[in-house]
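All residue numbers in this chain count up from 1 along the given sequence.
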Amino acid sequence: MALWVAIALVGAVAWYMIAFSRGESVNAVWFVFAAVASYLIAYRFYAKYIENKLIHPSNKRATPAEYSYDGKDYVPTDRRILYGHHFAAIAGAGPLVGPVLAAQMGYLPGTIWIIVGVILAGAVQDYLVLFVSMRRKGRSLGQMARDELGLFGGIAAFIATLSIMLIIVAILAMVVVNALGESTWGVYSVGLTIPIALFMGVYLRYLRPGKVMEVSVIGCALLLFAIISGRWVSQSDIGQAIFHLDRPTIAWIIIAYGFIAAVLPVWMLLAPRDYLSTFMKIGVIAMLAIAIIVVRPEIHVPAITRFAETGDGPVFSGKLFPFLFVTIACGALSGFHAMISSGTTPKLVEKESQTRLIGYGGMLMESFVAIMAFVAALSIDQGIYFAMNSSAAATGGTVEGAAAFVNALGLHTADGSVVSTTPEILAATAQSVGEASVVSRTGGAPTLAVGLSQIMHSLIPGEGMASFWYHFAIMFEALFILTSVDAGTRVARFMASDALGNVYPRFRDLNWRVGAWITTGLMVAGWGSILVMGVNDPLGGINTLFPLFGIANQLLAAVALSICLLVFARKGYTWQLLIIAVPMVFTAIITVYGSLLKIFDPHPSIGYWANHFLYRDALARGETHLGAAKTVKAMETVVGNTAVQGSLSILFVVCGVIVMIVSVIKTIQALRGKGIIDTEEPAHPSRIFAPSGIIANPAEKKLEKEWAAFYEKYPEENLEGTSH
């Protein structure tokens with residue numbers, strides 16, 4: 001009790017300093033303390049409350065990984081590796097990009113949404129969807145919607161979930177493209193992680209089964225080599241010739257990678273790569289948190305900037321409500337996570353009691369990533385921040401144009417100083433991190449890398465260290481996002497298999513390789529075409545597509561929560577449903593409102609159709625250039641892209657609203673005792689054992705030894721040595 005009271009007091013002081021104390025600046029350490037204290041209390045008390053009141057896990061009941069084991073998609077996986085895989089899969093671009101972009105609105109709104117949002121909404125969704133899917137043999141969210149809602153609602157849910165999934169994966173891939181474009185060091189280091197992961201998969205599967213710590217040490221050593229050797233490669237002529245790639249080329253490479261990674265067995269690339277990247281991700285975030293506590297950087301950004309009210313920010317357009325809540329997506333709440341929680345992860349869980357750690361705990365860790373990314377973006381000079389995150393159309397892509405643009409914004413820091421920069425400052429920043437330019441490096445990843453490099457360089461100074469930390473951060477971010485791309489493609493493949501299985505049942509057989517290749521090819525073609533469209537967008541793909549990504553992502557979260565609401569209503573719960581209903585209603589409001597703005601707003605900077613008609617009418621008048629589009633071909637590209645984006649906005653909101661309405665109607669019926677159905681798989685008795693938490697308690701350790709002796713005596717009972 002004394003420990004939890006102390007944690008609560010630390011959190012309360014930190015929140016007071018962030019929310020109420022006003023001065024010339026706020027110290028970044030308070031963000032770390034507020035986040036960590038809040039997460040610890042939420043996991044210990046709120047997540048346990050949900051487990052006791054809604055979940056009721058039973059370790060005597062076998063999970064799909066055990067009773068449907070196939071060695072490919074259904075594999076009982078050590079909880080530590082699975083935590084890493086799940087965290088790596090959900091922690092894509094969202095917790096890195098969204099907070100960086102939202103920093104233009106000030107530090108207070110984003111901080112509140114990231115921490116409070118994850119505790120009451122994001123982690124709740126991940127936890128519940130994971131458990132519900134696991135009890136249904138790992139079915140996809142779309143198939144669960146079909147089972148729960150019936151034909152009409154199920155079709156709408158499938159269209160919504162699959163189309164939203166494709167746009168999400170495309171945006172994730174686009175962030176990687178923007179981070180690695182023309183970066184020899186980054187392309188080489190990230191590329192090298194693929195053979196490292198393959199080696200780890202083979203090592204753990206065949207060479208040294210069960211030696212998790214051993215392969216972890218080897219993998220981390222190889223990962224550090226990939227980063228360090230990247231400097232040498234980037235300085236060589238051969239390295240420049242091979243790895244210095246433009247963005248369209250990288251886009252096609254990522255498309256090919258997505259297909260290959262999604263059809264390989266999960267143990268070969270996906271799980272070891274995610275586990276490897278998780279070491280780096282959690283290690284980097286912990287390192288950054290420690291550096292912030294030691295260095296204690298001061299944040300001079302106002303608590304709330306004028307862009308929160310006016311909505312005319314240079315990074316993205318739109319007022320605080322609703323656009324802050326859809327820009328900061330994955331760090332607080334993300335529908336993409338529902339796809340992972342109903343995709344790969346439920347097919348790998350060893351024991352039902354582990355879902356709290358993996359679902360709720362994994363999301364808390366991602367939220368901490370978002371807070372660290374947010375602080376890193378807030379800590380850099382605001383002049384550099386706006387020069388990096390404003391589109392090339394605004395800055396002209398040059399240090400002179402960027403300096404002139406930033407200086408004309410008329411912004412002020414918290415102490416009243418004018419926000420400004422010079423071409424020399426921007427050039428020096430690029431030189432210090434070993435890049436040709438930092439101007440208009442949109443997408444959030446380069447900004448976070450600059451912030452991290454400056455903080456770490458203050459902690460560990462030295463010649464060339466700033467560039468090392470920058471590229472270290474780029475690799476860290478690219479690993480983050482690529483793991484979501486391959487996991488997302490695999491989940492989309494499962495969704496397509498479920499849907500096509502209604503027409504040709506053999507598609508539901510995940511061991512049918514031809515079906516796996518067909519469904520993977522269809523899904524890669526879908527998100528790949530959106531990626532190529534974004535890369536070639538004259539308006540800057542990430543600037544125009546990220547709001548669509550955010551709205552679609554949160555709309556998917558509302559859909560997932562509405563399905564969970566119905567599932568638990570049919571299990572007889574009443575007042576406990578508020579745990580689900582409150583975040584669902586809030587998410588539905590912000591996403592539907594945001595969708596209507598993107599569809600109907602007359603301002604071209606916000607409304608897709610307004611932008612579409614602006615460029616279409618200009619072409620009709622015979623104009624040859626407009627805004628960022630300097631040629632007729634570029635103007636035609638904008639017309640086509642905005643039509644696609646506007647049409648997708650309509651599709652998403654219509655299907656999402658249908659699903660939520662049907663879910664609410666059936667929930668009310670369930671509360672009245674009507675339409676009660678049970679879509680869970682029959683219970684299978686479990687014949688394996690595994691601890692519930694990261695660290696086994698004494699009783700669990702004793703049982704582990706007994707089971708190890710059992711497997712030694714009866715090796716045929718061991719599922720091919722997979723962590724048992």
**OP:** Return the orientation label for the H612 and W609 ring planes: parallel under 30°, perpendicular over 60°, tilted otherwise.
**Re:** perpendicular
Original post:
Should the ring pair Y46 and Y360 be called parallel, tilted or perpendicular, given that the plane angle runs from 0 to 90° and is split at 30 and 60?
Top reply: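 Y46 vs Y360 ring planes: perpendicular.
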Any donor-acceptor pair under 3.5 Å from [X] side chain to [Y] backbone:
X: S367; Y: I114; answer: yes
X: R139; Y: R136; answer: yes
X: R356; Y: Y43; answer: yes
X: R493; Y: A262; answer: yes

Original post:
For S562, which of V567, V659, T587, V662 qualifies under side-chain contact (heavy atoms from CB on, under 4.5 Å)?
Top reply: V659
Original post:
Are W113 and F586 near enough that their ring centres are under 6.0 Å apart?
Top reply: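 Centroid distance W113-F586: below 6.0 Å, so yes.
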**OP:** Determine, using ring centers only, whether W4 and F45 are less than 6.0 Å apart.
**Re:** yes
Can you find a side-chain donor-acceptor pair between [X] and [Y] that sits under 3.5 Å?
X: S353; Y: N59; answer: yes
X: T63; Y: K351; answer: no
X: S334; Y: N553; answer: yes

Donor-acceptor contacts, no H, no angles, side chain residues 151-174, under 3.5 Å, sequence neighbours left out:
unit_1, atom_1, unit_2, atom_2, d
T161, OG1, A157, O, 2.8
T161, OG1, F158, O, 3.1
S163, OG, I159, O, 2.5
S163, OG, A160, O, 3.2

